[in-house]
Amino acid sequence: AQTVTQSQPEMSVQEAETVTLSCTYDTSESDYYLFWYKQPPSRQMILVIRQEAYKQQNATENRFSVNFQKAAKSFSLKISDSQLGDAAMYFCAYGDNTNAGKSTFGDGTTLTVKP
Amino acid sequence: DTGVSQDPRHKITKRGQNVTFRCDPISEHNRLYWYRQTLGQGPEFLTYFQNEAQLEKSRLLSDRFSAERPKGSFSTLEIQRTEQGDSAMYLCASTGPLPNSNTQYFGPGTRLTVL
């Protein structure tokens with residue numbers, strides 16, 4: 001079974017600064033997906049960024065980028081120019097590439113952005 | 001595209017009562033997932049449907065839980081004889097056709113409180 005570990009329960013960053021959230025996972029599969037989701041307090045979970053395991057190039061979405069190290073099974077999220085609206089719980093998730101396509105989530109990292 | 005919707009958003013019930021939740025996925029999405037999220041943890045997979053067929057159930061889904069997706073459209077999750085341990089957020093997600101068929105779009109969740 002796959003597992004996802006987020007070792008930082010809480011992180012804080014100064015507005016306009018850069019922060020990196022860590023994630024490691026364990027799997028015996030070679031083809032899969034990785035995701036970062038954002039869940040603001042009492043609000044809906046939304047996708048921040050996704051990475052296909054077969055792609056070597058790290059995914060980027062505006063201020064969000066990942067550092068995907070397949071051999072090390074590491075998938076960190078970098079948020080540049082942090083904004084107050086980035087404050088939320090961030091979940092790292094592993095998505096299997098079978099017909100099921102279900103996701104396994106880490107326990108999340110709470111990000112605080114200080115003005 | 002109105003996104004994934006869930007109803008009700010909040011449910012308070014007494015122990016021993018039955019409750020039913022509804023999820024309406026994005027209209028063209030053929031796969032639908034149910035997850036449970038307890039406070040301070042990431043979502044945990046419960047079950048998933050491809051069209052109207054329930055193809056996988058987690059061991060978390062005890063025999064008090066039943067899910068249906070008649071006609072492959074909306075889905076319901078019923079919990080019979082609720083227990084205090086069932087208190088959680090119940091999330092529904094759906095996925096659609098390629099190229100992003102492994103990206104799950106989440107609804108706002110139903111927060112269940114069992115007194």
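Proteins get letters first, then strands, A, B, ... in listed order; numbering begins at 1 in each. A quick note: this is a predicted structure, and the numbers were derived from the prediction, not measured.
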In Å, rounded to the nearest 0.5 Å, how long is the span from [atom1] of [X] to [atom2] of [Y]?
{"X": "A:Asp107", "Y": "B:Thr38", "atom1": "CG", "atom2": "OG1", "answer": "8.0 Å"}
{"X": "B:Tyr105", "Y": "A:Leu47", "atom1": "OH", "atom2": "CG", "answer": "7.0 Å"}
{"X": "A:Phe105", "Y": "B:Tyr35", "atom1": "CZ", "atom2": "OH", "answer": "5.0 Å"}

Any chain of hydrophobic side-chain contacts (each under 4.5 Å) joining B:Tyr90 to B:Leu60?
yes
If hydrophobic clusters are built from ILVMFWY residues whose side chains come within less than 4.5 Å, do A:Val48 and A:Leu111 share one?
yes
Start with the C-alpha distance between A:Thr104 and B:Phe45, add both sets of side-chain angles, then the distance that settles side-chain contact (heavy atoms from CB on, under 4.5 Å), and finish with yes or no.
CA-CA 7 Å; A:Thr104 302; B:Phe45 170 76; over 6 Å; no
Checking A:Lys102 against B:Tyr48: charged group under 6.0 Å from the ring centre and within 45 degrees of the axis?
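No cation-pi geometry.
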Name the option with the most non-hydrogen atom pairs under 4.5 Å to chain B; the candidates are A:Gly106, A:Ser103, A:Gly108.
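Among the listed options, the one with the most contacts to chain B is A:Ser103.
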Which of the residues A:Met89, A:Gln44, A:Met45 is involved in the greatest number of heavy-atom pairs with chain B at under 4.5 angstrom?
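Between A:Met89, A:Gln44, A:Met45, the count favours A:Gln44.
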Given a strict heavy-atom distance threshold of 4.5 Å, which part of B:Glu56 is in contact with chain A: side chain, backbone, both, or neither?
side chain
Toward chain A, the part of B:Gln37 with a non-hydrogen atom under 4.5 Å
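When you check distances to chain A, only side chain atoms of B:Gln37 fall under 4.5 Å.
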Among B:Gly40, B:Gly109, B:Pro108, B:Ala93, which residue forms the greatest number of heavy-atom pairs with chain A at distances under 4.5 Å?
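The option with the most such pairs is B:Pro108.
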So what's closer than 4.5 Å to chain B heavy atoms on A:Gln6: side chain, backbone, both or neither?
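Contact with chain B involves no heavy atom of A:Gln6 at all.
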